[in-house]
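Working notes, beginning with the structure itself.
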Amino acid sequence: MIEIKDVHKSFGDLEVLKGIDLDVNSGEVVSIIGASGSGKSTLLYCINAIEKINSGKIIVDGVDVHNKKTDKNKLRQNLGMVFQQWNSFPHLTVLENAALAPQIVKGFTKAEAEEIARKELIHVGLGDKLNEYPTRMSGGQQQRLAIARALAMEPPYMLFDEVTSALDPELVGEVLDTLRLLRDDGMTMICVTHEISFAKEVSDKVAFFHEGLIEEIGSPEEVLDNPQRERTQQFLSKVL
Amino acid sequence: MDLFTPLSWNDTGFILTGVLNTVFISVVAILVGTVLGLAVGFVRAESSKSVNILLGGFLDILRSVPLIIQLILFSTFIGAMGYPLDPFVAGSIILSLYTMAFMGEVFRSGFNSVPMAMRKAARSLGMSYWQTVRYVRVPIGMRAVFPSWLGVALSVIKDSALVSVIGYMELLRTAEQLISRTQQPLMILIGVGLFYFMISYPLSLYGKHVERKMEI
Ligand SMILES: Nc1ncnc2c1ncn2[C@@H]1O[C@H](COP(=O)(O)OP(=O)(O)O)[C@@H](O)[C@H]1O
Ligand SMILES: [Mg+2]
């Protein structure tokens with residue numbers, strides 16, 4: 001379980017998160033929507049300790065993420081993250097991309113790491129690209145590689161930050177299909193997304209961010225079909 | 001009796017020693033300069049502004065004072081201190097530092113060429129800072145600057161000729177001695193130029209080959 005309690009975060013004078021409370025239970029899919037600049041990415045970075053927080057608490061499976069004594073590298077093994085940009089390692093093949101972290105971080109042998117990597121790559125539909133170099137692949141394929149690369153660490157949680165935003169429209173579908181696959185596997189996920197209909201379909205909870213606060217949160221039916229807050233209504237009328 | 005003796009097959013060994021000495025000091029300078037340059041480039045890429053101004057200033061001096069002056073100053077200074085160094089040692093030290101200064105800038109831009117987003121992606125997989133350096137920034141960044149690295153290496157081979165001024169018997173000095181003995185400067189200098197070409201050209205061909213292979 002991920003527990004986020006009254007999290008504040010500033011960059012210099014700019015307060016980006018102004019007291020976020022959010023719980024994500026095991027097996028849940030939580031989508032975060034909201035205008036650009038509202039702090040969605042920053043929250044994900046704070047969850048896996050890539051960014052520090054100013055106050056509040058984030059607890060993942062009982063571990064206080066921002067405690068000085070917490071081993072951040074170990075913590076991140078439990079929190080797979082996929083970004084808007086896929087960031088494939090261009091010097092490695094698809095298989096090596098996905099096998100690198102299990103090998104050097106978890107200490108598996110090369111053969112073991114490649115076995116896990118192969119399994120995840122086949123799962124996301126890249127079984128025929130194992131020895132390809134990522135720069136030769138489409139954005140959609142590279143994004144699926146990024147997902148498999150994160151999954152190869154076998155994390156109980158996955159964080160997705162607008163993973164389809166940088167893709168050509170015709171490639172969005174294959175990546176969303178991969179996310180659906182993970183949802184069906186029972187993966188616990190936080191998805192920052194602009195794909196409202198996708199959020200409606202897969203989410204257990206939807207949170208609408210506005211200027212560093214959760215303006216509205218609830219089931220997809222509540223937040224997306226019958227938003228109570230005016231700002232949510234305005235936002236949805238713009239993006240739908 | 002002839003004052004000058006023409007070039008003969010007996011000179012082969014002498015010339016070959018000159019060629020090997022050029023290759024030898026170049027290899028030493030490129031190796032040492034690359035290793036030190038990696039360290040310097042990394043420090044440059046990761047340091048605060050003040051460290052960079054200091055280190056950058058030192059490197060600027062090494063890069064902008066002509067190598068020949070550095071060689072003469074260093075060996076004169078060391079000699080005056082009472083520790084005369086073998087020309088090979090003195091030459092290797094200066095040529096390596098000179099190489100380091102250029103390689104440092106090459107590697108700095110290599111380290112910086114790996115975008116922050118990619119480093120964050122690596123960290124998000126649980127890699128430590130040093131694992132990210134070792135497995136992501138070094139291999140990706142160094143590939144990106146390989147052509148510049150090769151350019152520096154090739155010019156070091158040519159610059160090594162200057163070590164002759166402090167008495168190291170490399171190819172050029174060998175040639176000078178042959179010229180004063182034979183009085184056949186044209187032929188000898190053409191020969192020497194050819195030797196430099198024969199040392200450098202395969203390297204630059206190999207570089208092109210590697211570049212093409214890395215493009216995939
Ligand atoms: N590293 C940073 N340094 C300074 N400001 C930042 C940094 N990252 C994000 N910001 C600012 O924080 C705000 C929220 O950014 P972000 O979390 O990326 O929003 P979102 O993902 O919702 O679009 C923006 O105003 C952005 O400019
Ligand atoms: Mg964002």
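Here is the naming used below: chain letters follow the sequence lines, and residue numbers restart at 1 for every chain. All values reported here derive from a predicted model rather than from experimental measurement.
A donor-acceptor contact under 3.5 angstrom links the side chains of A:S88 and A:Q142, judged on distance only. Checking A:N48 against A:Y157 by side-chain atom types alone, no donor-acceptor pair falls below 3.5 Å.
For B:F42 and B:W130, the ring centers are positioned less than 6.0 Å apart.
In terms of non-hydrogen atom pairs under 4.5 Å with chain B, the most contact-rich of A:V105, A:V82, A:I50, A:L79 is A:V105.
Using a 4.5 Å cut-off between heavy atoms, A:Q103 does not touch chain B at all. Both the backbone and the side chain of B:R123 come within less than 4.5 Å of a heavy atom in chain A. Within the 4.5 angstrom heavy-atom criterion, atoms from both the backbone and the side chain of A:M81 approach chain B. A:L100 touches chain B through its side chain: at least one heavy atom from C-beta onward sits under 4.5 Å away, while N, CA, C and O do not.
Note on ring orientation: taking the six-membered ring where Trp is involved, the planes of B:F24 and B:F88 are parallel (angle under 30°, cut-offs 30° and 60°).
Evaluated for a side chain to side chain contact (heavy atoms under 4.5 Å, CB included) with B:V163, the options B:D159, B:V165, B:I166 yield exactly one hit, B:I166.
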